[in-house]
Chemist: 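Structure incoming, see below.
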Amino acid sequence: MAAVLRRLRTVRVTVVDKTKTSLLINTRSLTRSLVRQDSERWISKLSVRKIAPTKESHSRMLSDKEVIYALHTQNIRPDSIDKYLANYEENVNLIHSKKSDLKCELVGSWTVEVGDLDQALHLWQYTGGYGSIDHAQAVLSKDEAYQLLLKERGNYLRSRHLQYLLAFSYWPPLEKRKGPNKYEIRSYSLKPGTMIEWGNNWAKAINYRRNNDEPYAGYFSQIGRLYNVHHIWCYKDLQSRKETRESAWRSPGWDECVAYTVPLIREMHCRILNPTAFSPTK
């Protein structure tokens, strides 16, 4: 009898242990399932939504202007900044003296305060499409004074880069500002094929950033580094920038726009800019 009782107790313990193990496994499975569901909901927000195929070029869908912008990014030798700026101002004056013929003008000129130091950015506007760029290049290639300035400027530079850009159609019209102001250029390298999705989201997102008149210009690249986007913002100072950006996050809908655009980005960086003495916008 004692042997039978011992056997029954062993069976009972075994059954209880198996039940505990089963409950433990079920609890873990449920926890994993809930975590997976939460993750899937968040990931679904961050996923790149599909865009229907179209026979329209991206530039025609995103920009409605026959205006080309040239963004010159030039890295200056630290010991030659003053000479460089004097040279470039003379260069601007020379081109503006031929403005009626060349159909181009400087709309913004800055040096970098935070970010890539010893760097200058110059934004030129060409009216009349790429034909105006071809014409300007042909005229300036034969202008001796321009060529001398160009050659001299090479002594002051470490490197340079040029992009041709189009303005986003949903961005507010470019208006020159009265200073003093600080500008921020936020540059994004997007995944190929995502430019339309970016434009669709930012057409809504820009409405959350108009309260303090901070949008200055928004462009996407056509020639140069492709799938690049540049947003240029204007602030009175860095404190104003902080308050304006925090205000956007308090607006319902801004966080959703950010959630949809973040997955489109391969790389991004920002630079704080100061207008040069000869910049048309201050």
Side-chain angles (χ1 to χ4, degrees), residues 67-99 102-127 129-130 132-167 174 182-190 216-232 266-281:
V67 178
I68 310 296
Y69 292 87
L71 179 62
H72 295 259
T73 303
Q74 305 192 337
N75 294 305
I76 313 164
R77 289 175 49 184
D79 61 352
S80 303
I81 293 175
D82 291 341
K83 294 178 181 178
Y84 166 84
L85 291 173
N87 172 285
Y88 206 90
E89 182 173 11
E90 194 173 345
N91 173 83
V92 170
N93 292 336
L94 187 152
I95 293 176
H96 281 179
S97 70
K98 304 174 182 294
K99 184 177 176 180
L102 297 182
K103 297 181 181 179
C104 70
E105 65 173 319
L106 184 72
V107 295
S109 176
W110 305 272
T111 55
V112 175
E113 178 184 293
V114 181
D116 301 316
L117 300 180
D118 304 318
Q119 186 178 82
L121 285 78
H122 309 290
L123 184 64
W124 291 83
Q125 175 181 283
Y126 291 82
T127 55
Y130 286 104
S132 61
I133 295 177
D134 293 333
H135 176 70
Q137 289 178 340
V139 171
L140 294 174
S141 67
K142 299 175 183 177
D143 189 291
E144 292 184 6
Y146 176 85
Q147 292 300 320
L148 286 173
L149 287 171
L150 188 63
K151 183 176 181 180
E152 177 189 319
R153 191 155 61 248
N155 298 322
Y156 310 140
L157 293 174
R158 294 181 288 116
S159 63
R160 54 186 179 166
H161 179 256
L162 168 63
Q163 278 183 310
Y164 289 129
L165 314 169
L166 291 178
L174 188 150
K182 288 190 182 295
Y183 292 77
E184 178 182 13
I185 181 168
R186 297 179 72 86
S187 301
Y188 305 86
S189 177
L190 304 185
Y216 178 72
Y219 304 109
F220 61 99
S221 60
Q222 283 284 284
I223 301 177
R225 296 188 183 104
L226 298 180
Y227 281 95
N228 273 193
V229 168
H230 302 288
H231 291 172
I232 305 177
R266 292 192 303 176
E267 184 182 359
M268 61 181 290
H269 70 290
C270 80
R271 286 160 287 180
I272 301 299
L273 312 174
N274 290 322
T276 62
F278 51 87
S279 175
T281 190

Chemist: Strictly by salt bridge (charged side-chain N to carboxylate O under 4.0 Å, His left out), give each pair with a member in residues 79-89 just once, sequence neighbours left out.
Modeler: R77-D79

Chemist: Mind checking what makes side chain to side chain donor-acceptor pair (under 3.5 Å) contact with N75, not counting sequence neighbours?
Modeler: Q119, S159

Chemist: Check whether Q163 reaches the backbone of Y69 with its side chain - one donor and one acceptor, N or O, closer than 3.5 Å.
Modeler: no

Chemist: My understanding is that only residues two or more places apart in sequence, or in another chain, count here; which of them pass side chain to side chain contact (heavy atoms under 4.5 Å, CB included) with V114?
Modeler: I272

Chemist: Do S221 side-chain atoms and N228 backbone N/O form a donor-acceptor pair below 3.5 Å?
Modeler: yes

Chemist: For the residue pair S187 / H269, report whether a side-chain donor-acceptor contact shorter than 3.5 Å exists.
Modeler: no

Chemist: Name all residues meeting the salt bridge (Lys or Arg N to Asp or Glu O under 4.0 Å) criterion together with E90; count only those two or more places apart in sequence or in a different chain, and write none if there are none.
Modeler: none

Chemist: Walk me through it: do V112 and L121 pass the test side-chain contact (heavy atoms from CB on, under 4.5 Å)?
Modeler: CA-CA 8 Å; V112 175; L121 285 78; 3.8 Å; yes

Chemist: Working to the nearest 0.5 Å, report the span between CD1 of I81 and OH of Y156.
Modeler: 13.0 Å

Chemist: Testing L106, L162, L123 for side-chain contact (heavy atoms from CB on, under 4.5 Å) with H72, which one passes?
Modeler: L162

Chemist: Suppose we screen for side chain to side chain donor-acceptor pair (under 3.5 Å). Which residues come up paired with Y164, at least two apart in sequence or across chains?
Modeler: Q137

Chemist: Stepwise, does the side-chain contact (heavy atoms from CB on, under 4.5 Å) test hold for Q74 with Y88?
Modeler: CA-CA 11 Å; Q74 305 192 337; Y88 206 90; 4.0 Å; yes

Chemist: Give, for atom CZ of R266 and atom OH of Y227, the distance between the pair rounded to the nearest 0.5 Å.
Modeler: 10.0 Å

Chemist: Partners of K182 by salt bridge (Lys or Arg N to Asp or Glu O under 4.0 Å), sequence neighbours excluded?
Modeler: E113

Chemist: If you look at every heavy atom in L140 and Y146, which pair is closest and at what distance?
Modeler: O-CD2, 3.6 Å

Chemist: Do the non-hydrogen side-chain atoms of W124 and V92 ever get within less than 4.5 Å of each other?
Modeler: yes

Chemist: Sequence neighbours left out, what passes ring pair (Phe, Tyr, Trp, His ring centres under 6.0 Å) with H230? Give chain and number order.
Modeler: none

Chemist: Please give me the minimum heavy-atom distance between Y126 and A70, naming the atom from each residue.
Modeler: CE1-CB, 3.8 Å

Chemist: Output the distance between atom CD1 (I133) and atom OG1 (T127), rounded to the nearest 0.5 Å.
Modeler: 10.5 Å

Chemist: Name all residues meeting the ring pair (Phe, Tyr, Trp, His ring centres under 6.0 Å) criterion together with Y216; count only those two or more places apart in sequence or in a different chain, and write none if there are none.
Modeler: Y183

Chemist: If every non-hydrogen atom of R158 is compared with every non-hydrogen atom of D118, which pair is closest and at what distance?
Modeler: NH2-O, 3.7 Å

Chemist: Are more than 12 heavy atoms, taken from residues, nucleotides or ligands other than R160, located less than 6.0 Å from that residue's CZ atom?
Modeler: no

Chemist: What heavy-atom pair brings L102 and A136 nearest, and what distance separates the two atoms?
Modeler: CD2-CA, 3.8 Å

Chemist: I need the L165 CG to I68 CD1 distance, nearest 0.5 Å.
Modeler: 9.0 Å

Chemist: Suppose we screen for side chain to side chain donor-acceptor pair (under 3.5 Å). Which residues come up paired with E184, at least two apart in sequence or across chains?
Modeler: R186, R241

Chemist: Once you round to the nearest 0.5 Å, how far does NE2 of H122 lie from CG of N91?
Modeler: 8.5 Å

Chemist: Quick one: does any side-chain atom of S279 pair with a main-chain N or O of S109 as donor and acceptor, under 3.5 Å?
Modeler: yes

Chemist: Show your working on side-chain contact (heavy atoms from CB on, under 4.5 Å) between N155 and S80 and close with a plain yes or no.
Modeler: CA-CA 9 Å; N155 298 322; S80 303; over 6 Å; no

Chemist: State which residues pass side chain to side chain contact (heavy atoms under 4.5 Å, CB included) with S97; sequence neighbours excluded, sorted by chain then number.
Modeler: none

Chemist: Quick check for you: to the nearest 0.5 Å, what is the distance between D116 atom CG and C270 atom SG?
Modeler: 10.0 Å

Chemist: Which residue pairs satisfy the salt bridge (charged side-chain N to carboxylate O under 4.0 Å, His left out) criterion with at least one member in residues 136-157, sequence neighbours excluded?
Modeler: K98-D143

Chemist: Report the residues that fulfil side chain to side chain donor-acceptor pair (under 3.5 Å) with H96, sequence neighbours left out, ordered by chain and then residue number.
Modeler: none

Chemist: Go through the steps for Y219 and I185 under the test side-chain contact (heavy atoms from CB on, under 4.5 Å), then give the verdict.
Modeler: CA-CA 11 Å; Y219 304 109; I185 181 168; over 6 Å; no

